[in-house]
Amino acid sequence: MTEEKSLNFLEEIIEKDLATGKYQSIATRFPPEPNGYLHLGHAKSICLNFGLALKYGGKTNLRFDDTNPVTEETEYVESIKNDVKWLGFQWSEELYASDYFDQLYAFALNLIQKGLAYVDDSTSEEIAEQKGTPTQPGKNSPYRTRTTDENTKLFEAMKAGRYRDGEKVLRAKIDMAHPNMHMRDPILYRIKHARHHRTGDAWCIYPMYDFAHGQSDAIEQITHSICTLEFVPHRELYDWFIQQLEIYPSKQYEFARLNMTYTMMSKRKLLQLVNEGHVHGWDDPRMPTLSGVRRRGYTPAALRDFCEKIGVAKRDNLIDVSLLEFCVREHLNRIAERRMVVFDPLKVVITNYPEDKTEELPSENNPEAEIPTTRTMPFGRELWIEQEDFLENPPKKYFRLAPGQLVRLKSAYIIRCEEVIKDAAGTVTELRCSYIPESKSGHDTSGLQVKGVIHWVSCAHAQRAEVRLYDRLFLQEDMNAAEGDFRQHLNPHSLVTKHVWIEPALATAKTGEHFQFLRMGYFCLDTDATREKLIFNRTVTLRDMWAKAGKGGN
RNA sequence: UGACCUAUGGUGUAAUGGCAACACAGCAGAUUUUGAUUCUGUUAUUCUAGGUUCGAGUCCUAGUAGGUCAACCA
């Protein structure tokens, strides 16, 4: 299989840079701000940055962009490291923008010396006023003409803590009429008397993103600094600092962020969902966070495959969530062991099966496995089957149980429905069936051809468990375009809890294991589960052509 | 009424001036002790108008549409 994969635009740039000898090897970085949990959008960035370095034999740093002490916490640092590792990537160095505070301060002084930065006493409102608008040029600040000496002293005083928050800022001196708003004397440093998660109280001035990011890249000699499209206008500033400071010329490249149908990726709004109790936490299995999808049962391999499949480009996109589900199913189909679980039980009594008899019937764990293994399932006279696997008046191509009709109990026998028992209200409460002894799975000499195969559990041996069924969090396909408050688009049925009957083998299920509940979907043990109370999350449903055709009823 | 980015099936992504392809989704069929998986087939695509060229999805110009930019956030 000669797989001639075409290159994405970043791979093309890198291959060219390597071919021309511009770089001997490449260096990328994944630069999250530790102010929240990572989500699927970050996964795309992680796979990109680490994937590129892996492919071209380079390195990737994990760098925390921690220049704003009031939003950042160590808790987030730990969860981010955990998520990156879980996704399957190993960073070269763990670094922090705050590692460079001394260096960044020196850079600022350098700019002041060159007459390219000044201390401004304007209020934030005044500075906003001076900026102008995209269609109108800005105005120079009255403090723009301060001398180098004055600026140096003032900036040192800012650092020394002689001013309150907001009293002064350090600004670059560029061009207040520049067509790019980011070039209109951007703020370099602001005063924040706040405790930083790593540097504590050592600093009361903190660099802005634009004054920290490119320089951090330069310090680490990042060759390809890859970020999302909204940073395109920042690139000019990024290059300007590097040029004026005469430091390593890292280059910034931008790609389109991930958008997914029925999903929202905004950190701020996700935080709102958590804080307002619409979900049960950052790791709620309905959340698009990595901790959420992990708990739900998505695998790192499936996520990496997904990131590979969605590709990388510069145009806005809205990825169909069914592609993600496809990737998850494809992986789980290979690795998940099969189990039988009855969600809505209907009792079946096999009238010609001895009351005191129990058989241990082998059932294959995974038909996809190279080396097949089996477990045994106890079979007895009384069984639970799924309510929807019986219909008193079945439509044309209904392969399941109906009065007088045959079905196979998976890995067991073929049974025939002989009698339907109902309660006073006319609800079916029990089926009395006969089994065909010669139809035993693996030793079938009955010669019967049965189209329908259903799952079951033995009443005498089945155990209880809770099952949590998840559906999309939002009803609107494109949440970026959704009108009104995003919360009004929440799906009220995104979580449905059921109490089900599980086969005995499931009693020893462990966290991190993946199962396919036959015909019901892929499941994993939830982190809330205990030995006494088993709880399973539905990771994803199975494809279901029958239900899709609307023939499943209900 | 500015600057910048983008425009290929329903959704993504390729095609690097030379036969518009791959995946998902959809539809149809075969196989199947999961109406799963697997396999086969199938529907559907270059924003518009000019230009360059033997030849344009690709290059140029203009238009149109969508997105981004005016935090002491990142």
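Basis for what follows: all heavy atoms, side chains included, without hydrogens, waters or symmetry-related copies. Per chain, numbering begins at 1; letters A, B, ... match sequence-line order.
- In this structure, Lys192(A) reaches the C73(B) phosphate: one of its side-chain N or O atoms is under 4.0 Å from OP1 or OP2.
- In this structure, Leu409(A) places its CG atom 13 Å from C1' of U34(B), rounding to the nearest Å.
- Judged by atom type and distance alone, Thr135(A) does not reach the base of U1(B) through any side-chain donor-acceptor pair under 3.5 Å.
- Distance His331(A) NE2 to U37(B) P: 17 Å, rounded to the nearest Å.
- If you check every strand for non-hydrogen atoms under 4.0 Å, Thr67(A) touches sugar and phosphate atoms only.
- In this structure Lys440(A) satisfies the side-chain contact (heavy atoms from CB on, under 4.5 Å) test together with Glu359(A), Leu361(A), Tyr413(A), His443(A), sequence neighbours excluded.
- Not a single donor-acceptor pair, N or O on each side, falls under 3.5 Å between the base of U6(B) and the side chain of Arg315(A).
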Handout entry: Structure string for RNA chain B in dot-bracket form, Watson-Crick and G-U at under 3.5 Å, | interchain
Key = .((((((..((((....[..)))).(((((.......)))))....(((((..]....))))))))))).....
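- Note on Lys548(A): a side-chain N or O is less than 4.0 Å away from OP1 or OP2 of G26(B).
- Note on Thr228(A): nothing from the nucleic acid sits closer than 4.0 angstrom, heavy atoms only.
- Salt-bridge annotation for Asp185(A) and Arg144(A): present, with a side-chain N of the basic residue lying under 4.0 Å from a carboxylate O of the acidic one.
- Of the P atoms belonging to A74(B) and C4(B), the separation is 27 Å, rounded to the nearest Å.
- Looking at Arg329(A), its side chain has no donor and acceptor atom pair within 3.5 Å of the base of U37(B).
- Arg408(A) has its CZ atom 10 Å from the P atom of U34(B), to the nearest Å.
- Cation-pi geometry between Lys314(A) and Phe255(A) is not met at under 6.0 angstrom from the ring centre and within 45 degrees of the axis.
- Taking only distance into account, the side chain of Arg543(A) never meets the base of G35(B) through a donor-acceptor pair shorter than 3.5 Å.
- Evaluation of atom-type donor-acceptor distances gives a pair under 3.5 Å for the side chain of Gln516(A) against the base of U34(B).
- Each of Phe326(A) and Asn333(A) was matched to the nucleotide of RNA chain B holding its nearest heavy atom; the match closer to the 5' end belongs to Phe326(A).
- Atom CG in Leu323(A) sits roughly 12 Å away from atom P in A23(B) (whole-Å rounding).
- In this model, a donor atom of one side chain and an acceptor atom of the other lie less than 3.5 Å apart for Arg29(A) and Ser225(A).
- Dashed line: the shortest gap from a side-chain N or O of Arg190(A) to OP1 or OP2 of A74(B) is under 4.0 Å.
- Between Arg162(A) and Glu156(A) there is no salt bridge, since none of the side-chain N atoms of the basic residue sits less than 4.0 Å from a carboxylate O of the acidic one.
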Practice task
Determine, stepwise, if the pair Leu170(A) / Ile187(A) fulfils side chain to side chain contact (heavy atoms under 4.5 Å, CB included).
Solution key: CA-CA 6 Å; Leu170(A) 183 72; Ile187(A) 292 171; over 6 Å; no
Handout entry: Criterion side chain to side chain contact (heavy atoms under 4.5 Å, CB included) on Lys168(A) and Tyr189(A), from CA distance to verdict
Key = CA-CA 9 Å; Lys168(A) 285 181 166 49; Tyr189(A) 267 91; over 6 Å; no
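- Across all strands shown, Asp316(A) has heavy atoms under 4.0 Å from sugar-phosphate atoms exclusively, and none from any base.
- One atom, CG of Asn317(A), and another, P of G9(B), lie 14 Å apart when rounded to the nearest Å.
- For A74(B), its base sits under 3.5 Å from the side chain of His234(A) at one donor and acceptor pair at least.
- Between Tyr118(A) and Phe155(A), every side-chain heavy-atom pair lies at or beyond the 4.5 Å cut-off.
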